[in-house]
Amino acid sequence: MPAITLPDGSVRHFDGAVTGTAVAESIGPGLAKAALAMEVDGRLVDLSLPIGTDAAVRFVTRKDEAALGLIRHDAAHVLAEAVQELWPGTQVTIGPAIENGFYYDFARNEPFTPEDFPAIEAKMREIVARGARFEREVWPREEAIRFFEERGERYKAELIRDLPESEPISIYRQGDWLDLCRGPHMRSVADVGSAFKLMKVAGAYWRGDHRNAMLTRIYATAWRDGKELDAHLLQLAEAERRDHRRIGKEMDLFHIQEEATGSIFWHPKGWRLYTVLQDYMRRAQQGAGYQEVRTPQLVDRTLWEASGHWENYRDHMFIATVEEEDKHLALKPMNCPCHVQIFRHGLRSYRELPLRMAEFGACHRYEPSGALHGIMRVRAFTQDDAHIFCTDDQIAPETARFVAMLADVYRDLGFDSFRVKFADRPDNRAGSEESWDKAEAALKEACRLAGVEYEHNPGEGAFYGPKLEFVLRDAIGRDWQCGTLQVDYVLPDRLDASFIGEDSARHRPVMLHRAILGSFERFIGILIEQFAGRFPMWMAPVQVVVASIVTDAEPYALDVADRLRAAGLQVEADTANEKINAKIRTHSLQRVPVILVVGRKEAEAGTVAMRRLGGNTQEMLSLDEAVALLAAEATPPDLRRRSGNGAGAPADSPSTAASSAPA
RNA sequence: GCUGCUGUAGCUCAGUGGUAGAGCACUCCCUUGGUAAGGGAGAGGUCGUGAGUUCAAUCCUCACCAGCAGCACCA
């Protein structure tokens, strides 16, 4: 006599086990028609599943977000059926729903190409139109293995073999086709609908392990209706429009060429961006009590052996040798061992702790060729790195202090919120279990005291310690992991760092590795995409262009540019033999935030006609007013706070620069 | 690194087994124009690199390099 509790709190009683379908029908024909699956006590299951005991039931309809996962998973089955119908002999493996869609990995000698997509999509639509019902069956394990092996589906057979004994072997049929699957599924393939699209083909290792065979994967996107599909495709187009590689080219910020793959040639405008950001970070660090240092690029392998990096990352290090000396020097892949060298140069007192040592550390790592990506993933990069040498007791306050600094920086750089992840011990790690216990507990406690809430990210810590990962969300909803804070008991021990305590005895400091941007290269890539190249005034590589209308106004245009330059602005004068329309167009496409137009009128009156990027109106200002206004807008947010902008201005008053950024 | 795709002018791209084309950008000339492209002329490429097939290769084959997508990696 199961009693079914519905989300509105009402309870329905049934004589004996009852399927979800029957429950839905008892509620009403509308729901019976709309229900795709149900949640029984919070677990998503097939409507056909009989409910034998009291339970809370919620029906999932197409309106429900949860329908997305079902549609995508069912669509994956439809894709697999379509492919096997078109190319018999292709082996199926797995095909999960993922963010925005699904994929299916196939084993086939001949890989698929996008040219195959129309045929596959047509076949999928045919299968959806057939509308076969999903039927779940539970098979004896041995029979299932034999069945798939006889059909030459050795991957499926392997999957079944590796399922735990307790797991029932469930098979879903859709018409003549069937697949091993945990479920749940909707009622029939017709529920998949038509809002799906095959996106790309790619290789993928069987079970994600690079030692295994490479399968051929088809990615697809699937949604509840065509409108959602279109919105998603639009979002992809938007991401492409913002691609930092495209914008970097368009705005002449940087380039990369074959002779230095993975390293960046920064052009003047890109380097301007870089130095503005670096200057800002330098001020932020000074304000937060860091001491800046600079350490060697080339360091003998013995130091990397001592630190443990040689053992773990030797293959990813650039090695330089000198024939006369039989020495192996490594281009430093990171800064921490060098910072320890400064720390241990001379006796340290507990009075010096916490000691915050910062470096814009230029590092080189031999990244695998397939990992390189524009300026986001490179082989030569500069970290906004720092190490805090402190005692156990100082971990919590230093964590709080760091998180506060990081939040300020992110806000100034145009990111209002971030998430935190807690990454704990990885499989491949240095240090004893005890030290890991201690480090993880200390970091957790520090988060608690600092009021930092985090998600768990198991097994993703650094090899020497657990870490907090700080994740930004950009203007179009993408996440970027940038900041990090890592607790390290291992390195101070390996490199024998110590300080003299109050008790006159030697003690080991803890090291906190931390970064806010991560690397300048990657972060600038993120900024380019975040702003789509339309930087706030203070970051813009060219802040103002003075455009003359007629030759007579040329001397005045040059004067105006000089005045702005003297006020510290990045300014260009455009006195080319072009119409003003063409100049406006050129500099708007270059995403220059402010264009000052000067003709005869302005030259005579000592004024400028100001036009802002994204607007199509002009404002007439005297030259003095314009210089004062633009210089104020171009002031970095931290300096604006410092100068106070008048007494009593709130520290976090919205910046004019930000408000002038185009919508 | 793995799988697949791509590589032609500064940029975006077309094209052919008989040694190349467009638009934009660039240079010069005309034009002095008031808020997203004024007109004309010119210059610019050993078709990623190296081998092979062929009477003949930018085009076909192979290798390498680089880029793109995904996977794997990311101290």
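To find a chain, count down the sequence lines: A is the first, B the second, and so on, and within it residues start at 1. Worth knowing before you read on, the calculation uses all heavy atoms, side chains too, and leaves out hydrogens, waters and symmetry mates.
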Just call it for [X]: base, sugar-phosphate, or nothing, with non-hydrogen atoms closer than 4.0 Å on any strand.
{"X": "A:I595", "result": "nothing"}
{"X": "A:R245", "result": "sugar-phosphate"}
{"X": "A:V201", "result": "nothing"}
{"X": "A:S369", "result": "base"}
{"X": "A:R611", "result": "base"}
{"X": "A:P111", "result": "sugar-phosphate"}
{"X": "A:I549", "result": "base"}
{"X": "A:Y219", "result": "sugar-phosphate"}
{"X": "A:N312", "result": "nothing"}
{"X": "A:A609", "result": "base"}
{"X": "A:D209", "result": "nothing"}
{"X": "A:E602", "result": "base"}
{"X": "A:G308", "result": "nothing"}
{"X": "A:H513", "result": "nothing"}

Task: Centroid distance under 5.5 Å and plane angle under 30°, A:Y205 vs B:A72 - done: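 According to the criterion (under 5.5 Å, under 30°), no, A:Y205 does not stack.
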TODO: Please report the closest heavy-atom contact between A:K269 and A:P541, naming both atoms and the distance.
DONE: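 Shortest heavy-atom separation between A:K269 and A:P541 comes out as O-CB, 3.3 Å.
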Task: Side chain A:Q590, main chain A:E250, donor-acceptor under 3.5 Å - done: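 The answer is yes, because a donor-acceptor pair under 3.5 Å joins these two groups.
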Open item on the list: For the backbone of A:T607 and the side chain of A:Y556, can you confirm whether one donor and one acceptor N or O come within less than 3.5 Å of each other?
Closed with: yes
Does [X] place a side-chain N or O at less than 4.0 Å from the phosphate oxygens OP1/OP2 of [N]?
{"X": "A:N581", "N": "B:A36", "value": "yes"}
{"X": "A:K249", "N": "B:G10", "value": "no"}
{"X": "A:K579", "N": "B:A36", "value": "no"}
{"X": "A:H373", "N": "B:G67", "value": "no"}

In whole Å, what separates the [atom1] atom of [N] from that of [M]?
{"N": "B:G44", "M": "B:A56", "atom1": "C1'", "result": "27 Å"}
{"N": "B:U32", "M": "B:C24", "atom1": "C1'", "result": "24 Å"}
{"N": "B:A66", "M": "B:G40", "atom1": "P", "result": "44 Å"}
{"N": "B:A22", "M": "B:G15", "atom1": "P", "result": "15 Å"}
{"N": "B:C60", "M": "B:U8", "atom1": "P", "result": "15 Å"}
{"N": "B:G7", "M": "B:A14", "atom1": "P", "result": "8 Å"}
{"N": "B:G39", "M": "B:G21", "atom1": "C1'", "result": "24 Å"}
{"N": "B:A9", "M": "B:C5", "atom1": "C1'", "result": "24 Å"}

Where does the angle between the aromatic ring planes of [X] and [Y] fall among parallel (under 30°), tilted (30 to 60°) and perpendicular (over 60°)?
{"X": "A:F254", "Y": "A:W266", "value": "perpendicular"}
{"X": "A:H387", "Y": "A:F389", "value": "tilted"}
{"X": "A:F523", "Y": "A:Y410", "value": "parallel"}
{"X": "A:W223", "Y": "A:H232", "value": "tilted"}
{"X": "A:F463", "Y": "A:Y313", "value": "tilted"}

Can a donor-acceptor pair under 3.5 Å be found between the side-chain atoms of [X] and the base atoms of [N]?
{"X": "A:R379", "N": "B:C74", "value": "no"}
{"X": "A:Y366", "N": "B:G1", "value": "no"}
{"X": "A:D552", "N": "B:U32", "value": "no"}

Who does [N] pair with, Watson-Crick or G-U, both distances under 3.5 Å?
{"N": "B:G33", "result": "none"}
{"N": "B:G44", "result": "none"}
{"N": "B:G10", "result": "B:C24"}
{"N": "B:C74", "result": "none"}
{"N": "B:A57", "result": "none"}
{"N": "B:G50", "result": "B:C62"}
{"N": "B:C5", "result": "B:G67"}

So which nucleotide from [options] ends up closest to the side chain of [X]?
{"X": "A:N577", "options": "B:C65, B:A75, B:G38", "value": "B:G38"}
{"X": "A:P368", "options": "B:G70, B:G38, B:G1", "value": "B:G1"}
{"X": "A:I580", "options": "B:C2, B:U35, B:A72", "value": "B:U35"}

- [ ] Answer yes or no: is there an ion pair linking A:R514 with A:D385, defined by an N-O contact shorter than 4.0 Å?
- [x] no
- [ ] In plain terms, say whether A:K421 and A:D479 are close enough for a salt bridge, that is, a side-chain N and a carboxylate O under 4.0 Å apart.
- [x] no
Between [N] ([atom2]) and [X] ([atom1]): distance, integer Å:
{"X": "A:E578", "N": "B:C24", "atom1": "CD", "atom2": "P", "value": "12 Å"}
{"X": "A:N212", "N": "B:C73", "atom1": "CG", "atom2": "P", "value": "12 Å"}
{"X": "A:H309", "N": "B:C73", "atom1": "NE2", "atom2": "P", "value": "19 Å"}
{"X": "A:R211", "N": "B:C73", "atom1": "CZ", "atom2": "C1'", "value": "13 Å"}
{"X": "A:M376", "N": "B:A69", "atom1": "CE", "atom2": "P", "value": "11 Å"}
{"X": "A:L372", "N": "B:A69", "atom1": "CG", "atom2": "C1'", "value": "14 Å"}
{"X": "A:L589", "N": "B:A25", "atom1": "CG", "atom2": "P", "value": "11 Å"}
{"X": "A:D252", "N": "B:C26", "atom1": "CG", "atom2": "P", "value": "12 Å"}

TODO: Using heavy atoms to find the nearest nucleotide of RNA chain B for A:A576 and A:T586 separately, return the residue whose nucleotide is more 5′.
DONE: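 That would be A:A576.
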Task: 5' priority, RNA chain B, between A:Q618 and A:R377 [closest heavy atom] - done: A:Q618
